Structures are given as C-alpha cells and as structure tokens.
There are 2 protein chains.
Amino acid sequence: MTPRTGTYAKGLAKRAEILAVGLEVVAENGCRRATVREIAARVGLTAAGVVHYFESREELFQEILAARDDRDREIFEDKQPRPIDGYLRLLEHNTRVRGLVQLYAEYSAEAAGWAEHPSRVFFQERFDQLRADLTAVVQAAQADGSIGRDFDVPAVVNLLIAAADGLQVQWMLDHRIDMSAHVDQLWRLLAPRTASE
Amino acid sequence: MTPRTGTYAKGLAKRAEILAVGLEVVAENGCRRATVREIAARVGLTAAGVVHYFESREELFQEILAARDDRDREIFEDKQPRPIDGYLRLLEHNTRVRGLVQLYAEYSAEAAGWAEHPSRVFFQERFDQLRADLTAVVQAAQADGSIGRDFDVPAVVNLLIAAADGLQVQWMLDHRIDMSAHVDQLWRLLAPRTASE
DNA sequence: GTCTATATCGTGATAGAC
DNA sequence: GTCTATCACGATATAGAC
C-alpha cells in the first residue's frame with residue numbers, strides 16, 4: 001500500500017517475503033504470540049531489519065490483512081449462481097487459510113477495542129467497504145425476487161457480516177462448524193414470504 | 001471458581017478487588033495492553049502479589065469473564081415477554097460494560113486461535129452452555145408458535161451467538177450500531193411462514 | 001496465608017555504525 | 001539498506017519475610 005522502501009526489485013521481494021512469513025508465524029503462534037524477532041529470523045534479518053520495511057508490528061499485521069482482502073475480491077465477485085454465492089465461497093475459502101482467520105479475529109478485536117489503535121481506521125473502512133458490497137448483493141437478490149423486501153436492509157447486511165465474523169471464532173474452537181452453510185441458512189431466512197413457498 | 005487462597009475475609013476481598021481493577025485496566029488499555037504490573041500498582045500490590053491470587057494473567061482474564069457470565073444469568077433468564085427477550089436484554093446491557101465487551105472479544109479470539117491456550121476449554125464449554133440455553137429459547141418459541149419450524153435449529157442457535165459476537169466488534173468501531181435491535185431483526189426473520197402474516 | 005524482593009528472560013522500538 | 005547495540009518494559013519463577 002504505502003511502500004516504505006524504494007521500488008528496487010530486491011526490496012519489493014523482501015517485503016513480500018516478510019508478509020508471507022509473517023502470516024506463517026501468526027498461523028503457528030497466534031497474533032499475540034507472533035513476534036517480530038521470530039519473523040525476522042525466518043526471513044534472514046534482524047528485528048530492526050523487518051521494521052525497516054514495516055514501521056511496526058501493527059502495520060505488518062494490517063498489511064497482511066489488506067493483501068488478503070485484495071486477493072479475496074476475485075472470489076467475492078464470482079456470484080454464481082446466486083448473488084450471495086461469492087460471499088459464501090469466501091467463507092468456504094477461509095477454512096483453508098486458518099492463519100488469516102486467526103489473525104483477523106484477534107487483530108480486529110484488538111483494533112476495535114482501543115480508541116487510539118493504529119489500525120482502527122483501517123477496520124472502519126474495511127467494514128464500510130464490505131457493507132457497500134453486501135448491500136449491492138442484497139439489492140440484486142431483491143431485484144430478482146429471490147429474497148423478500150420486508151426487512152431492514154442495512155441491519156441484514158450487518159448481520160451477514162457479524163454472522164461470518166462470529167462464526168469464525170466458533171469454527172476455530174470446533175472445525176466441524178460449517179461457516180458457509182450457516183450463513184447460507186441465514187440467507188434462506190430472507191426468502192420472500194409471499195407465495196412461491 | 002478455584003480459589004487459590006483460603007477463605008479469610010481479607011484474601012477474598014483482595015481477590016474481588018483485583019477482579020474489579022483488572023477489568024478497569026482492560027477497559028482503559030485493551031486486553032493486550034493491560035499489564036499485571038499496572039493492575040498490581042492500582043491495587044497496592046506488586047505483580048507477584050497479584051499472581052498469588054491468580055496463577056497468571058490469562059487466568060485473571062478468564063475469571064473476570066466467568067464472573068460476568070454468572071451475573072448475566074439473571075438478565076438472560078428474564079424472558080419477558082418473548083423467549084428471546086432475555087438474550088436481547090443482555091446485548092443491551094453490554095453497551096453499559098464496554099470493558100467487558102472489549103475483553104471478551106479480544107480474549108475469546110486469542111483463546112480460540114491457539115490450540116494450547118489455557119482458556120480454550122473455558123470458551124468451548126461457555127459456547128456449549130450458551131448453545132443449550134438458546135436451544136431452549138428457540139424450542140420454547142417454536143412451541144408457542146411465535147417462530148417457524150422450517151429451519152435448522154442448531155444452525156440458527158449458532159447464528160444467534162455469532163451475530164451477537166460479531167456485532168460487538170462492529171459496535172466497538174461505531175457505537176451507533178444497535179446490537180439488540182439487529183439480533184431482534186434476525187429473530188423476526190424466524191417468524192412462521194404460514195398464515196398469520 | 002499473604003506478600004515482597006529479586007533475577008531471568010523475552011518483547012518492541014530506537015540510534016547510529018557500516 | 002541492513003546491521004549491532006541497547007533501551008525500557010513486560011511476564012514469570014524462586015526464595016523467603018511476615
């Protein structure tokens with residue numbers, strides 16, 4: 001996003017390597033126990049070397065999540081056959097990137113809970129973006145008649161996000177929880193209440 | 001729960017004081033930045049003194065949350081007039097105990113994400129208890145006909161929990177989010193799809 | 001049973017050498 | 001652009017005072 005280094009190939013590659021290894025370390029130890037030193041050691045640098053690429057531990061975590069969001073956009077936009085399917089596919093995909101789920105859950109809770117957290121704004125904007133994307137999904141489904149119109153759309157959008165977030169914690173505690181099936185159940189509750197049932 | 005000390009009045013009072021002050025410090029700094037030293041200083045002890053009452057920082061956090069759950073039970077059981085109202089009242093009450101919401105969000109995410117976390121089992125059991133309680137609520141509502149029967153009950157129970165948990169993070173980022181109104185919207189989606197609509 | 005003093009070790013961050 | 005050295009601060013373990 002905001003490269004702190006030049007655009008030399010070597011620096012960019014190192015930066016990408018740190019992002020990948022950082023995620024790896026988080027996945028193994030959790031966000032709280034993931035240390036800059038450990039990441040540095042694996043990438044062949046000292047802690048100070050890592051901080052040269054990322055201002056702080058916090059910024060590193062934030063950028064790992066931002067990179068994930070960029071990659072996920074492709075999955076989200078594949079809304080086949082229903083408008084919600086892109087979102088459900090994303091939740092399914094999450095089961096294959098445990099470390100990211102873990103980082104997201106821990107780090108978003110930390111950032112939200114502290115008024116001066118350096119990543120607080122990042123998450124506020126992320127939620128706003130997600131709300132806009134899901135509002136479009138809900139409105140598309142209302143337009144094609146696959147869901148009803150007798151509910152509060154912004155509330156349902158927030159519920160779709162909250163359900164996914166909350167289910168991630170339940171899933172981490174018990175991998176038998178099927179996150180996308182659960183959100184799909186929520187989606188089906190939105191079915192039109194007129195005829196056709 | 002498992003008092004590490006005797007039953008002398010002085011020890012019990014100090015223990016209770018540490019729990020209260022611990023929550024206070026968490027509320028100000030977030031769980032991650034809440035230190036045993038800070039809690040100890042405010043309560044007039046050294047860090048080792050605090051550890052005498054609570055084996056570790058983790059155990060202290062867990063006991064703060066367990067104490068909250070005990071107190072909350074009373075609110076949850078007041079299901080007036082609908083079976084879900086006790087749960088909704090709880091979410092409303094949460095807006096008045098920001099520190100607890102913050103601790104719960106951060107600490108549950110941390111515990112869930114790490115397989116060897118000392119509080120992992122605590123949260124697994126807490127979720128199981130909550131599932132049992134909410135299953136009873138859903139079944140009671142189905143019995144009195146206020147909600148439908150054409151959905152997966154365990155899935156909806158998990159959704160009710162996940163929605164509440166996920167909304168807490170959204171609420172911390174933006175206090176205008178009305179958590180109980182959102183979950184009430186989810187509940188209303190469960191209304192029977194036959195006649196009476 | 002209650003608590004302090006002390007020591008060890010790990011942490012993120014920084015300054016300045018190379 | 002990367003290092004070494006160092007800082008201030010954290011959790012925790014032990015020994016023992018009272």
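Naming: A, B, ... by sequence-line order, numbering from 1 per chain. This one's a predicted model, so the numbers in the text were calculated from it and none came from an experiment.
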Sequence neighbours left out, cut at 3.5 Å: what donor-acceptor pairs do the side chains of residues 118-125 of chain B make with other protein atoms?
from, atom 1, to, atom 2, distance (Å)
B/Ser119, OG, B/Gln62, OE1, 2.6
B/Ser119, OG, B/Tyr107, OH, 2.7
B/Arg120, NH1, B/Ala112, O, 2.8
B/Arg120, NH2, A/Met172, O, 3.1
B/Gln124, NE2, A/Leu173, O, 3.0

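One atom, CD of B/Glu59, and another, C1' of D/dA11, lie 15 Å apart when rounded to the nearest Å. The interatomic distance linking A/Arg15 (CZ) with D/dG1 (C1') rounds to 14 Å, in whole Å. In this structure, the CZ atom of B/Phe54 is 17 Å from the C1' atom of D/dA11, given to the nearest Å. Following rounding to the nearest Å, B/His52 (NE2) and D/dT14 (C1') show an atom-to-atom distance of 15 Å. For the pair A/Glu38 CD and C/dG10 P, the interatomic distance rounds to 12 Å; values are reported in whole Å.
A/Glu38 and A/Arg33 are not joined by a salt bridge, as no carboxylate oxygen comes within less than 4.0 angstrom of a charged side-chain nitrogen.
Considering only residues two or more places apart in sequence or on other chains, A/Asp69 meets the salt bridge (Lys or Arg N to Asp or Glu O under 4.0 Å) condition with A/Arg126. In terms of the salt bridge (Lys or Arg N to Asp or Glu O under 4.0 Å) criterion, A/Arg149 has no residue partners (sequence neighbours excluded). In this structure, A/Glu58 has no salt bridge (Lys or Arg N to Asp or Glu O under 4.0 Å) partners at least two apart in sequence or on a different chain. For A/Asn94, the side-chain hydrogen bond (donor to acceptor under 3.5 Å, both in side chains) partners are A/Arg68, not counting sequence neighbours. In this view, A/Asp152 satisfies the side-chain hydrogen bond (donor to acceptor under 3.5 Å, both in side chains) rule with no residue, not counting sequence neighbours.
Contacts classified as salt bridge (charged side-chain N to carboxylate O under 4.0 Å, His left out) and involving residues 83-106 of chain B (residues at least two apart or in different chains) are given here: B/Asp78-B/Arg89, B/Arg82-B/Asp85.
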Base-contact (B) and sugar-phosphate-only (S) positions in nucleotides 11-18 of chain C, heavy-atom cut-off under 4.0 Å, - elsewhere: BBSB----
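Within a heavy-atom distance below 4.0 Å of DNA chain C, no residue of residues 103-121 of chain B is found.
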